[in-house]
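Following: one structure in structure tokens, then a few remarks.
Indexing begins at 1, ligand by ligand and atom by atom, following the structure's order.
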Amino acid sequence: MLRDGRTMFDPKQTPQSISPEGEQSIPVSQSVPTLSVSIKEHRYNPLEQVLDQCALSVQPGEVVSLIGPSGCGKSTFLKLAAGLSDPSDGQVNCKASETAILFQEHRLLPWKTLADNMKFGFKGRKIPAEEQIERLEVAAENMGFSRADLDKYPSELSGGMRQRAAIARALMIEPDLLFLDEPFSALDVGRRREMYRLLLGVVKQRRCTVLMVTHDVFEALSLSDRVLVMAANPGRFLKEMPVPFRSEERSRALVADLEQTLLQDEEVAKLFQMQDWDRVL
Ligand SMILES: Nc1ncnc2c1ncn2[C@@H]1O[C@H](COP(=O)(O)OP(=O)(O)OP(=O)(O)O)[C@@H](O)[C@H]1O
């Protein structure tokens with residue numbers, strides 16, 4: 001059973017096509033979505049249409065990932081969904097009360113220590129001082145930061161530490177909606193898995209809703225309830241791959257099987273130029 005109540009027993013799930021009208025053809029659960037996005041089109045300049053007919057509803061506690069070739073418009077869709085700018089034509093409806101955004105770049109302030117960067121999200125929020133300290137301590141432990149690390153400046157941290165700091169900063173405000181753009185790209189395989197567990201723990205405990213962009217298909221299928229594949233020129237949703245297993249049931253073999261099914265779909269294979277999928281090189 002998926003978190004939103006849908007059941008999908010067929011382990012050989014196949015990608016479903018998405019109609020140009022958006023996802024109306026896809027069955028969704030009955031609860032009020034945390035996030036509804038309907039973008040008819042988006043352009044940064046009048047001559048180039050970046051997005052075309054991208055509609056998506058995300059249910060409370062659902063994890064949805066966007067994958068697609070570089071430049072197809074994933075980050076643009078995420079930024080519009082997060083309300084960072086308005087679509088040229090379309091609307092975004094968000095029911096979340098606390099939203100956090102994690103950008104592709106870590107965006108830490110170079111003149112602030114790691115601790116101050118991690119606490120930066122508290123600015124403007126009424127969180128008592130003791131609770132701020134408690135959240136910082138828990139986050140530092142979860143992220144594997146020592147007391148000495150907390151006094152360092154971003155320039156003194158490794159790329160992976162900076163990325164973990166940005167993840168901590170986002171999670172420390174306890175969001176009920178998280179927008180993540182390539183959040184784990186700088187982490188080694190062990191840290192990545194720790195972060196996956198942490199993220200899915202937050203999703204489960206607080207019913208946090210997640211919309212994530214990633215280049216890593218295996219990662220997307222490991223973490224998500226469904227994965228949307230975007231095509232380019234203009235950016236649009238091409239396929240949806242539901243993940244028919246609860247997160248705790250997902251083994252490497254099951255996810256690898258789903259990855260193979262997805263990447264062997266004719267249209268998806270063409271999109272990523274992966275028609276000879278079984279070849280490593
Ligand atoms: N601020 C901007 N101004 C003008 N064009 C932009 C801007 N941001 C993105 N674009 C263009 O919009 C298109 C989609 O970019 P976007 O970053 O959304 O793609 P993406 O799928 O996230 O790429 P990647 O996987 O490489 O991060 C690209 O052609 C890009 O050049």
Side-chain angles (χ1 to χ4, degrees), residues 15 17-18 20 22-23 35-58 63-92 94 99-108 159-160 162-164 166-167 170 177-187 192 195-196 199 209-224 226-241 259 262-263 265 267-275 277:
S17 292
I18 295 180
E23 54 159 14
L35 179 71
S36 302
V37 186
S38 173
I39 294 170
K40 292 203 170 86
E41 66 164 53
H42 186 67
R43 294 170 190 268
Y44 289 105
N45 69 65
L47 296 178
E48 192 187 354
Q49 186 178 357
V50 175
L51 296 179
D52 180 41
Q53 305 289 344
C54 295
L56 172 66
S57 293
V58 190
V63 181
V64 176
S65 286
L66 303 180
I67 60 167
S70 196
C72 70
K74 302 178 296 294
S75 297
T76 299
F77 182 84
L78 194 81
K79 284 175 189 159
L80 297 175
L84 297 182
S85 54
D86 292 329
S88 312
D89 186 359
Q91 47 195 336
V92 174
C94 178
T99 297
I101 306 165
L102 187 53
F103 297 99
Q104 236 166 347
E105 340 66 76
H106 55 75
R107 300 198 182 184
L108 300 180
R162 288 196 281 262
Q163 199 168 43
R164 276 179 279 144
I167 296 168
L177 175 60
L178 247 180
F179 294 97
L180 304 173
D181 199 346
E182 288 283 337
F184 310 116
S185 55
L187 305 182
R192 242 176 213 238
M195 293 301 117
Y196 292 168
L199 177 68
T209 306
V210 180
L211 182 60
M212 178 174 84
V213 166
T214 177
H215 281 291
D216 187 331
V217 180
F218 194 90
E219 176 173 280
L221 291 164
S222 303
L223 295 177
S224 312
R226 57 194 165 111
V227 174
L228 289 168
V229 184
M230 282 185 81
N233 300 316
R236 61 204 183 275
F237 295 147
L238 182 74
K239 296 268 168 171
E240 185 193 65
M241 182 78 176
E259 185 188 35
L262 180 59
L263 291 179
D265 175 89
E267 285 178 276
V268 177
K270 202 165 152 203
L271 195 66
F272 288 107
Q273 300 179 347
M274 291 284 286
Q275 286 95 334
W277 186 88

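- Within 4.0 Å of ligand 1, counting heavy atoms only, the contacting residues are Tyr44, Glu48, Val50, Pro69, Ser70, Gly71, Cys72, Gly73, Lys74, Ser75, Thr76, Gln104, His215.
- Taking both residues in full, the closest heavy atoms of Cys54 and Met230 are given as SG-CE, 4.4 Å, listed atom of the first, atom of the second, then distance.
- With sequence neighbours excluded, the residues satisfying side-chain contact (heavy atoms from CB on, under 4.5 Å) with Glu267 are Ser17, Leu238, Lys239, Asp265.
- Phe184 pairs by the ring pair (Phe, Tyr, Trp, His ring centres under 6.0 Å) definition with Tyr196, not counting sequence neighbours.
- Distance check, rounded to the nearest 0.5 Å: CG of Leu80 to CG of Asp86 gives 8.0 Å.
- The salt bridge (charged side-chain N to carboxylate O under 4.0 Å, His left out) analysis of residues 75-84, with sequence neighbours excluded, yields no pairs.
- The two residues Leu187 and Arg192 have their closest heavy-atom pair at O-NE, 3.5 Å.
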